[in-house]
Amino acid sequence: MRYWLMKSEPDDCSIDDLAAMPGQTVAWYGVRNYQARNFMMRQMRPGDRLFFYHSSCPQPGIAGIAEVASSAYPDETQFDPASRFYDPKATREQPRWFNVDVKFVAKTRLVGLPELREHAALENMRVLAKGNRLSITPVDPDEWTYIVEQLLERKTDEF
DNA sequence: GCCAACGTTGGC
DNA sequence: GCCAACGTTGGC
């Protein structure tokens, strides 16, 4: 099992929105970056856990925990001319963009970006790297455990 | 709203 | 295949 961090703009889909979805599950559509797409296609497996991160908002940071609930399949929005994610170069026969489903696990207190930066144990996290823009990043198991146990004061096996 | 970082595009 | 121009992300 792998661990991830996935960014979502809370205006678009917050952790509360995810919890309110039918089945508490959402298709993670709209990824238009090959590196992030490749993580979903090649490395994500159902059951992987992720930090649900709020970005582009007043308080960016980890807002909850979710799990990967499907393998990667073609992102429907690439075929929809009305969608802001429409890609005219994508076809049903040769889709370009894929997504997984993501399912709610827990809402946590908000662990803000400044707080994450305070911890030496987390200094190599991709999301903290200067200039990082990638919306999906792998999280090291040690980093996962540190955040869950030290910052959230929960047991890793709770999630 | 600013701007640094970085990915993509397209002319050559 | 290079690289300048451009667009987007996302923290501040």
Side-chain angles (χ1 to χ4, degrees), chain A residues 2-21 25-44 48-68 71-140 142-144 146-148 150-152:
Chain A
R2 295 177 194 266
Y3 298 103
W4 306 93
L5 181 144
M6 294 173 79
K7 295 181 188 173
S8 182
E9 299 187 15
D11 283 351
D12 216 21
C13 180
S14 68
I15 188 73
D16 290 325
D17 294 333
L18 178 63
M21 292 279 178
T25 300
V26 70
W28 205 264
Y29 62 80
V31 170
R32 294 294 180 270
N33 170 285
Y34 287 105
Q35 228 183 317
R37 182 202 70 172
N38 291 344
F39 283 140
M40 290 196 286
M41 291 181 74
R42 298 175 186 169
Q43 295 189 30
M44 279 190 182
D48 284 2
R49 296 292 153 129
L50 58 108
F51 290 126
F52 191 100
Y53 180 96
H54 284 177
S55 70
S56 295
C57 61
Q59 281 200 298
I62 293 168
I65 290 172
E67 69 178 325
V68 176
S71 25
Y73 61 93
D75 176 339
E76 271 304 310
T77 62
Q78 70 193 304
F79 308 124
D80 177 5
S83 169
R84 60 194 254 248
F85 299 114
Y86 177 60
D87 184 343
K89 292 179 183 164
T91 64
R92 294 266 173 201
E93 294 69 35
Q94 288 211 313
R96 269 196 177 190
W97 305 110
F98 289 74
N99 60 221
V100 297
D101 290 341
V102 166
K103 184 171 191 216
F104 177 83
V105 171
K107 183 178 179 176
T108 64
R109 76 174 176 87
L110 190 104
V111 182
L113 191 50
E115 181 178 352
L116 292 170
R117 291 194 195 284
E118 286 171 11
H119 295 268
L122 305 177
E123 66 187 0
N124 293 324
M125 281 188 81
R126 293 278 295 273
V127 74
L128 303 182
K130 187 175 180 179
N132 164 71
R133 296 186 309 169
L134 203 52
S135 64
I136 299 175
T137 50
V139 171
D140 190 273
D142 291 340
E143 294 164 346
W144 179 273
Y146 185 89
I147 291 170
V148 169
Q150 305 299 315
L151 304 189
L152 298 174

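These numbers come from the heavy atoms of this one structure, side chains and all, not from hydrogens, waters or symmetry mates. So that the names make sense, note that chain A is the first sequence line, chain B the second, and so on, each numbered from 1.
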Could you write nucleotides 5-12 of chain C as a row of B, S and -, 5' to 3', where a protein heavy atom under 4.0 Å of any base atom gives B, of only sugar-phosphate atoms gives S, and otherwise -? --BBBBS-
A/Met125 side, atom CE; A/Asp140 side, atom CG - distance, nearest 0.5 Å: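 Going from CE on A/Met125 over to CG on A/Asp140, the span is 9.0 Å.
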Could you note down all residue pairs passing ring pair (Phe, Tyr, Trp, His ring centres under 6.0 Å) where residues 89-109 of chain A supplies at least one of them, sequence neighbours left out?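 The answer is A/Tyr34-A/Trp97.
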In terms of relative ring orientation, are A/Phe52 and A/Trp28 parallel, tilted or perpendicular, with 30° and 60° separating the classes?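 Perpendicular: the ring planes of A/Phe52 and A/Trp28 meet at over 60°.
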Do the side chains of A/Arg126 and A/Glu143 get close enough for a salt bridge, i.e. N-O under 4.0 angstrom?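 A/Glu143 and A/Arg126: not salt-bridged.
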Side chain to side chain contact (heavy atoms under 4.5 Å, CB included) partners of A/Lys89, counting only residues at least two apart: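 By the side chain to side chain contact (heavy atoms under 4.5 Å, CB included) rule, A/Lys89 matches A/Asp87, A/Arg96.
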